[in-house]
Amino acid sequence: MSDRYNGKETWEEWSKEWKLEDRYNFKSIEKKWQAIWEKEKAYKVEIDKNKEKFYALVEFPYPSGAGLHVGHPRSYTALDVIARKKRMQGFNVLYPMGFDAFGLPAENYAIKTGVHPAVSTKANIANFTKQLKSIGFSFDWDRCINTCDPEYYKWTQWMFIKFFEKGLAYKDKIAINWCPSCKVGLANEEVVNGHCERCGAEVIRKNKEQWMIAITKYADRLINDLDGLDFIDRVKSQQVNWIGRSEGAELDFGLTLSDGTELKDKKLTVFTTRPDTAFGVTYMVLAPEHAYVSELADKFENAQEVKAYVEATAKKSELQRTMDDSKTGVELKGIKARNPYNGALIPVFISDYVLTGYGTGAIMAVPAHDQRDYDFAKVFGLPIIQVLEGGDISEKAWEEDGAHINSDFMNGMNKEDGMRSAIDYAEKHGFGRSKVNFKLRDWVFSRQRYWGEPIPMVYCEKCGWQPIPESELPLTLPEVPDYHPNDEGESPLSKAGDWLNAKCPKCGGHARRETDTMPNWAGSSWYFLRYCDPHNDKEFASKEALDYWMNVDWYNGGMEHTTLHLLYSRFWHKFLYDCGLVPTKEPYNKRTSHGMILAENGEKMSKSRGNVINPDDIIDAYGADTFRLYEMFIGPFDQVAMWSDDSLMGVYRFVSKVYALFKKVYKLEPSTQDLRAMHKCILEVTERIDQMRFNTAVSSLMTYVNYLSSLEKIPAELYMTLLKLLSPFTPHLAEEMWARIGKNTLIVAESWPQGDAKLAQDDEVTIAVQICGKMRGTIVMPKDASNADVEATALALDNVKRQLEGKEIKKIIVVPNKICNIVA
RNA sequence: GCGGGUGUGGUGAAAUUGGUAGACACGCCAGACUUAGGAUCUGGUGCCGCAAGGUUUAAGAGUUCGAGUCUCUUCACCCGCACCA
């Protein structure tokens, strides 16, 4: 205990040395308490079935060379406040931290400097750890994990093999998004407006054989299971939007050559959300990449023209293709399609406004009721047949509801009935079926890079792709002569020499290893499970640990991960659930998101702008407690906030004030008024932390401190309560003053104060007096005064009398303890 | 175009969910005390007005005794998706 009293054995001895006029020495105080917490393992947590658990989680950082920026601690402090409060409220709190340590920056650094990624990553993790500890977060450091540790990625690889065994991981050659700058394939989720999410280079299309994971099989469940979750709305709606479910029908159109012969073995299948408009189809369009364009090439009378268009399209980047909404295309002369509803023969085009990856890569065009088809029809002079009443078809397409016309059996029906009846008809005649489509694509899972988990697969000429036996896990990263990826898209691992040779686990013959690695989203897809049991070398986590700790009760992280990490990890967890490996369907009960912190002028902080605030500098100049408190006070937690040195100063003053207030603390009975202020503060702070309204929680504390400042002498109970309420925000200061007041316990292990609403109530209230809703004065009344008393007092006000002169009072509305409104 | 959100002093913002708009803090103004400390303390501070008073939550309309809050219309900005048939 002696370190608690600054080297002295007792508080009495220590107190003789105090010089309270001294300024608040946060440097030595914060260091001292961090050492004590570490020594006493104040935040270590174990399974305790007698206590209710609470699992608080923040997204673990990528340990970049730049170190922590001020954005990280916004999220970490918020959940630290929540975790600390929950702990004081008696919960068994798991609040872990780790490092998402695979990734491109370490590899690029290696290319530049020759330093092995493992070496620079280790150094960065050491730096991050030091920084995080200097802020005084209540993480259980014994559970710290690191995704690039073979003991960790062993299980990432193990899970990949599970995906493979269940048929959800497969190799496929498709056109993927390729970043020419990073020289790496990207998942759909990693492409932002046609640019690489990481480096900003324009993404091109490249045909490459890739490992894919069938996330689309879970599309429906990923939408439906959001229902029971406490996620903020924008997260839910963004995920739903991204998955992009749409209901419609698949319809088969016949194909006919110009001489009238039917192509019996070829059907042109399209997906449509508007089967009811089938009688308005006047042409068909294929994506230039559609298989039929090459398969039927010898049937086209204008094969040269078609070929030229296909090639021109291939040269366009994704971005150019989406930016340019003018319609181009080429008719496939020599073939016609037959509308199965009315037998009409219609022309077939190729055009780049039809996308290859969605639906069947072919559409039936209904220019009268789809604006894109309308635009195309206008360019090519195609007929426009209206089949629903409404709008002005000479101006633009009519996409709303209406009564069907020119539609045979659907005539007179509205959109909804028409759709049902069109699908029924198609099903009865065997040329269509109802169908649900998603925008979500399967997850492109291989990366042509070094610094990632090796994919634990080998290829045998005889047996095909085989997973390596579990006994060979982890498959560790080999040394390579250099880390450069090449333009052909080969991973640096292809230069790994002997490592490439393996034995086929099935036939024992020669096999070669997969040289691509996993994306940086792999390790983070299940890390919250590992925290439950981080040192287990038999399983990724024991059933007991998972049963006790899961789910994550509260997960806070950035909006930028909504359709990346958050979606991937929900999917990954559902897969493990289906395998019987985790006890729950969803990993996270509650998801919140913090706003970004911008520079003082509202710009994004960036190295190139030179406006980055380094947490180390702030902590050095003002201390961790001021930094933490400022991060909470800066503004509404879920909104963007601008850094302000001036506001930071105000928080620093507050912290110093709390320190200085100690001079005035005496053993005294608190007055009713004192208790009122105290209980009001307890109630407000408690409620506002739960609602993540940290900025107003801090306001409450400030109001309370202002009250304490106004007292001659502060009763000890009031000050001790302040320290407890403050401890989640400014734990070092709270701990120090708790010791100074003579306590030899840790305040972080104390219990959270109980607010009493009755004691918090005022016995007098100020009631606003209004005439016809306009404020004319206020009256002070005893709480719960009778309406009659309130009316009488209000009517006696001079201003009220003056205003009411010559008017007749129609009625008086009294809202108890709030308002007296006189209607005249 | 679709989805989500925001709009309140010089600034960051608050408002018990329909009941005194601007809490708390920054900044600014005035004063005090001290001297060199990113001081501290006291008072003031939405706007117009000397004042009584008037006026004020992007703009407009509506519901209501009463609207920052609810409804409708318009405008502006931010985020995500985007030729998804």
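Since the model is a prediction, treat every value here as computed from it, not as a measurement. Chain letters run A, B, ... following the sequence lines, proteins first, then strands; residues in each count from 1.
- For B:rC24, the OP1/OP2 oxygens have no side-chain nitrogen or oxygen of A:N695 closer than 4.0 Å.
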Under 3.5 Å between N/O atoms: give me all the protein pairs with nucleotides 56-62 of chain B, atom names plus distance.
none

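- Within a 6.0 Å sphere centred on CD of A:E416, other residues, nucleotides and ligands contribute 12 heavy atoms or fewer.
- Judged by distance alone with a 3.5 Å cut-off, a donor-acceptor contact links the side chain of A:N821 to the base of B:rC65.
- A salt bridge links A:E59 to A:R591: one of the charged nitrogens lies within less than 4.0 Å of a carboxylate oxygen.
- When the P atom is used for both B:rG54 and B:rC65, the distance is 23 Å, rounded to whole Å.
- For A:S237, counting side-chain heavy atoms from C-beta on, the closest listed nucleotide (B:rC41, B:rA82, B:rG3) is B:rG3.
- Contact between the side-chain N/O atoms of A:R802 and the OP1/OP2 oxygens of B:rG53 is found at a separation under 4.0 Å.
- Between A:W242 and A:N437, it is A:W242 whose nearest contact on RNA chain B lies nearer the 5' terminus.
- Partner assigned to B:rU63 is none, using Watson-Crick or G-U wobble distances below 3.5 angstrom.
- Nearest heavy-atom pair across A:D762 and A:R676 is OD1-CD, 2.9 Å.
- In the model, A:E791 has no side-chain atom that pairs as donor or acceptor with a side-chain atom of A:N787 under 3.5 Å.
- Considering all non-hydrogen atoms of both residues, A:A697 and A:V685 come closest at O-CG2, 3.8 Å.
- With both pairing distances under 3.5 Å, B:rC77 is matched to B:rG5 as a Watson-Crick or G-U wobble pair.
- The side chain of A:R693 places no N or O atom within less than 4.0 Å of a non-bridging phosphate oxygen (OP1 or OP2) of B:rA14.
- Using a 4.0 Å heavy-atom distance criterion, A:S246 is classed as a sugar-phosphate-only contact.
- Pair assignment for B:rU57 gives none, since no Watson-Crick or G-U wobble pairing has each distance under 3.5 Å.
- Within 4.0 Å of A:I812, counting heavy atoms only, lies no atom of the nucleic acid at all.
- Here, B:rC33 and B:rC41 have their C1' atoms 8 Å apart, quoted to the whole Å.
- Remark: A:Y353 is not in phosphate contact with B:rA85, judged by side-chain N or O atoms under 4.0 Å from OP1 or OP2.
- For A:R653, the side-chain atoms get nearest to B:rG27 when compared with the rest of B:rG19, B:rA85, B:rG27.
- In this structure, A:W521 and A:Y568 have tilted ring planes: the angle between them lies in the 30° to 60° band.
- Of the candidate nucleotides B:rA13, B:rG19, B:rG38, B:rG19 has the atom lying nearest to any side-chain atom of A:K818.
- Counting non-hydrogen atoms under 4.0 angstrom, A:N241 reaches a base of the nucleic acid.
- The gap from the P atom of B:rU69 to that of B:rU63 amounts to 15 Å, rounded to the nearest Å.
- Annotation for A:K604: atom NZ does not count as buried by contact number, only 12 or fewer foreign heavy atoms lying within 6.0 Å.
- Separating the CG atom of A:L701 from the C1' atom of B:rA25 is a distance of 13 Å, rounded to the nearest angstrom.
- At the heavy-atom level, A:F633 lies under 4.0 Å from base atoms of the strands shown.
- When the P atom is used for both B:rU20 and B:rU57, the distance is 15 Å, rounded to whole Å.
- B:rC47 and B:rU40 have their C1' atoms separated by 32 Å, with the value rounded to a whole Å.
- Base pairing of B:rU42 is made with B:rA30, judged by Watson-Crick or G-U wobble geometry with both donor-acceptor distances under 3.5 Å.
- Taking the side chain of A:N706 as heavy atoms from C-beta on, and the options B:rG4, B:rC24, B:rG19, the nearest nucleotide is B:rC24.
- Base orientation of B:rU17: syn (glycosidic angle within 90° of 0).
- At whole-Å resolution of the value, CG in A:D645 and C1' in B:rG12 are 14 Å apart.
- Side-chain atoms of A:K810 stay outside donor-acceptor range of the base of B:rC65, with no qualifying N/O pair under 3.5 Å.
- For A:K664, the NZ atom counts as densely surrounded, since its 6.0 Å shell holds more than 12 non-hydrogen atoms of other residues, nucleotides or ligands.
- We find that A:R693 and A:D638 are not joined by a salt bridge, their nearest charged nitrogen and carboxylate oxygen being 4.0 Å or further apart.
- Nucleotide B:rU16 forms a pair with no other nucleotide shown, judged by Watson-Crick or G-U wobble geometry with both contacts under 3.5 Å.
- Taking atom P on both B:rC28 and B:rU11, the two are 15 Å apart, rounded to the nearest angstrom.
- Nucleotide B:rA36 forms a pair with no other nucleotide shown, judged by Watson-Crick or G-U wobble geometry with both contacts under 3.5 Å.
- Using a 4.0 Å heavy-atom cutoff across all strands shown, A:G650 reaches sugar-phosphate atoms only and no base atom.
- A gap of 47 Å separates the P atoms of B:rU64 and B:rG27, to the nearest Å.
- Listed nucleotides B:rC83, B:rG80, B:rA15 differ in distance to A:D352; the shortest reach to its side chain belongs to B:rC83.
- A donor-acceptor contact under 3.5 Å links the side chain of A:Y622 to the base of B:rG38.
- Contact annotation for A:V815: base contact, defined as any heavy-atom pair under 4.0 Å involving a base atom.
- Comparing A:T703 and A:M642, the nucleotide of RNA chain B nearest to each residue sits closer to the 5' end for A:M642.
- Contact detail for A:Q239 and A:L566: the closest heavy-atom pair is NE2-CD2, 3.5 Å.
- Nucleotides B:rG18 and B:rA82 are separated by 38 Å at their P atoms, to the nearest Å.
- Between B:rG80, B:rC24, B:rC26, one nucleotide has an atom nearer to the side chain of A:Q238 than all others, and that is B:rG80.
- What you find for A:I613 and A:V70 is that their closest heavy atoms are O-CG1, 3.4 Å.
- Listed nucleotides B:rC24, B:rU16, B:rG4 differ in distance to A:R234; the shortest reach to its side chain belongs to B:rG4.
- Across the protein-nucleic acid pair, A:Y24 atom OH and B:rG38 atom C1' stand 17 Å apart, rounded to whole Å.
- Closest to the side chain of A:Q803, out of B:rU20, B:rG54, B:rG80, is B:rG54.
- A donor-acceptor pair shorter than 3.5 Å can be found between the side chains of A:S246 and A:Y358.
- Distance from the side chain of A:N799 is smallest to B:rG53 among B:rA13, B:rG53, B:rA85.
- Distance A:Q639 CD to B:rC77 C1': 13 Å, rounded to the nearest Å.
- Distance from the side chain of A:T696 is smallest to B:rA15 among B:rG53, B:rA15, B:rC26.
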